[in-house]
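The structure under discussion appears below in the form of C-alpha cells.
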Amino acid sequence: MSTIILGIESSCDDTSASIIKNSTILSNVVAGQSVHEDYGGVVPELASRAHQQNIIPVVHKALKDAGVKADEVDAVAFTRGPGLMGSLLVGASFAKGFALARRIPLIEVDHLQAHVLAHFIQEPDSLKAVPSFPFLCLLVSGGNSQIILVKSHLEMEIIGQTIDDAAGEAFDKCAKVMGLPYPGGPLVDKYAQEGNADAFQFSKPRIADYNYSFSGLKTSFLYFLRDQMKVDLDFIQNNTADLCASLQRTIVEILMEKLMKASKETGIREVALAGGVSANSGLRSALAAMVEKRGWKTYIPKLSYTTDNAAMIAITGYYKFLKGEFAGQDAVPYARGK
C-alpha cells in the first residue's frame with residue numbers, strides 16, 4: 001500500500017513543498033528569496049512576507065510536478081521548528097488548513113531531525129544505499145553544529161554540539177569580515193579551491209567531550225586581519241584565496257577531530273553528513289578520506305537535499321505516519337530547538 005505525503009518547509013528564507021510516495025521523491029520545489037542579499041543576512045519580516053506570497057504557488061507546482069491530486073495526499077507534514085517564528089507560522093498555518101480541508105492527518109517535523117533523515121530519500125528508478133543503524137551524523141548548518149547518534153528513524157541522541165556559534169555562522173561571518181557578499185559560506189568554498197590551505201594558521205578551541213566552539217576562531221580571524229592590514233591595506237584582496245583555504249581547513253579540522261573522537265569511542269563506523277554546510281567541498285573530501293584511513297562507511301547527501309528543502313520534511317513525515325505520530329491543530333511552532 002502506498003502512502004503519499006505532502007511536505008512543507010518554511011523555517012528560514014526558502015519556501016519549499018515536496019511530494020513523497022513512501023520513501024520515493026516525486027517532486028521537490030524550492031522558492032528562494034533574493035531580497036535578503038542587500039542586507040547581508042535574512043530579514044525575518046521580509047522572509048515571512050515572501051513565504052506568504054510563495055506558499056500557494058509552490059505547493060501547486062509540487063503537486064503538478066508529482067502528478068498527484070490534492071485528494072490523493074494521505075497526510076501533510078510541516079516544519080514546526082526550529083527557525084524564524086514568522087516564517088514557521090506561514091508554513092504551519094497552510095499545513096493546518098490543508099489538513100483540515102482534506103480531513104487528513106497533520107504531522108509536525110523537527111527541522112534538524114529532517115536533515116538527518118534526508119539520507120533515506122529515494123529517487124525514481126534508482127535505489128541508493130542508506131545508513132544502517134546505529135550511525136553517527138555530523139549535522140552542520142548556519143545555526144547548528146551537532147554530532148548525533150542515530151538509533152532509528154525516529155530515535156536520535158545529540159552527543160555533541162556547539163556551545164556558541166555554529167560552523168556555518170563562522171563561515172558566513174568571516175566571509176563578511178573579508179567583504180564577501182551574503183551568503184559568504186559558498187564563496188569561501190569557491191575561493192578555497194584556488195588557495196593554499198596551509199598559508200595561514202588560526203587558533204583551534206579546546207572544548208570538552210564532543211562539543212564545538214567557533215566564536216574564538218571568528219575573533220582570532222578578525223584580529224589577524226586587523227593586524228595584517230596595519231602593514232598592508234590590501235592584504236585581504238591580495239590573499240583572498242589563501243585566507244579562504246586556510247579558514248576552511250581550520251573549520252573542517254575542528255569538525256572532523258570531534259567526529260573521529262566520537263567514532264573511536266562509540267565504535268561506530270557508519271558516518272553521515274547533513275545540513276547546509278555538508279555541501280562544502282573541503283568537508284566532503286575530509287569525510288570521504290575516512291573510508292581508507294579509518295574504514296568508515298560514509299554517506300554524503302545529494303546537494304539538493306543539503307540545504308533547506310521540503311523533501312526531508314516529507315520523508316520524516318512518512319516515517320512518523322507509519323508510527324501514527326500525528327499532531328493536533330493546536331501545534332505551535334518553536335523558534336529554538338526543543
Side-chain angles (χ1 to χ4, degrees), residues 9-16 28-51 54 58 79 82-84 86-88 111-112 114-115 118 138-146 162 164-195 202 212 214-215 217-218 221-222 225 236-237 240-241 243-252 254-255 273-285 300-312 335:
E9 156 61 18
S10 67
S11 64
C12 191
D13 62 334
D14 287 329
T15 312
S16 182
N28 189 34
V29 180
V30 181
Q33 301 177 8
S34 59
V35 65
H36 307 286
E37 294 174 2
D38 295 335
Y39 299 94
V42 177
V43 181
E45 185 176 348
L46 295 179
S48 57
R49 288 181 183 178
H51 282 303
N54 293 335
V58 163
T79 303
L84 300 176
S87 296
L88 291 167
H111 182 81
L112 303 182
H115 269 303
L138 175 61
L139 172 58
V140 277
S141 65
N144 299 277
S145 294
Q146 300 176 337
T162 181
D164 44 51
D165 300 329
E169 189 176 1
F171 271 118
D172 286 339
K173 290 193 175 179
C174 288
K176 188 174 183 179
V177 170
M178 286 190 287
L180 299 178
Y182 173 85
L187 289 175
V188 171
D189 190 8
K190 177 183 176 181
Y191 285 118
Q193 296 177 48
E194 304 169 1
F202 304 114
Y212 292 111
F214 291 97
S215 62
L217 172 61
K218 287 194 316 180
F221 187 77
L222 174 63
L225 293 183
I236 296 177
Q237 291 83 343
T240 299
L243 283 167
C244 289
S246 299
L247 174 66
Q248 179 163 291
R249 173 187 56 76
T250 304
I251 293 175
V252 169
I254 292 171
L255 290 168
L273 278 183
V277 182
S278 65
N280 180 272
S281 64
L283 184 56
R284 285 177 169 243
S285 296
I300 301 175
K302 187 176 178 180
L303 285 174
S304 58
Y305 302 139
T306 58
T307 53
D308 295 347
N309 67 92
M312 66 184 193

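The residues of the chain are indexed from 1 along the displayed sequence.
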Please answer whether the main-chain N or O of [Y] pairs with a side-chain N or O of [X] as donor and acceptor at a distance below 3.5 Å.
X    : Y    : value
S145 : A167 : yes
H51  : C12  : yes
D164 : F214 : yes
S285 : G282 : no
S16  : V29  : yes
Y212 : A166 : no
S87  : S11  : no
S215 : D165 : no

Q: Any chance you could lay out the side chain to side chain contact (heavy atoms under 4.5 Å, CB included) test for S278 and H115, step after step, and finish with the verdict?
A: CA-CA 10 Å; S278 65; H115 269 303; over 6 Å; no

pair [X]-[Y]: side-chain heavy atoms closer than 4.5 Å:
X    : Y    : value
P301 : M312 : no
F221 : K173 : no
K190 : L180 : no
D308 : H111 : yes
C174 : I251 : no
L283 : L138 : yes
P181 : L187 : yes

Q: Decide yes or no on side chain to side chain contact (heavy atoms under 4.5 Å, CB included) for K218 and V177, but give the supporting numbers first.
A: CA-CA 9 Å; K218 287 194 316 180; V177 170; over 6 Å; no

Q) side-chain hydrogen bond (donor to acceptor under 3.5 Å, both in side chains) with N28: which residues, sequence neighbours excluded? A) none

Q.
Please enumerate all residues that pass side-chain hydrogen bond (donor to acceptor under 3.5 Å, both in side chains) together with S304, with sequence neighbours excluded.
A. none

Q: Please assess L225 against L243 for the test side chain to side chain contact (heavy atoms under 4.5 Å, CB included), listing each intermediate value before the final yes or no.
A: CA-CA 10 Å; L225 293 183; L243 283 167; 3.8 Å; yes

**Q.** Pair D14-N309, side chain to side chain contact (heavy atoms under 4.5 Å, CB included): steps then yes or no
**A.** CA-CA 8 Å; D14 287 329; N309 67 92; over 6 Å; no

Q) Does OH in Y191 sit with more than 12 non-hydrogen atoms of other residues, nucleotides or ligands closer than 6.0 Å? A) no

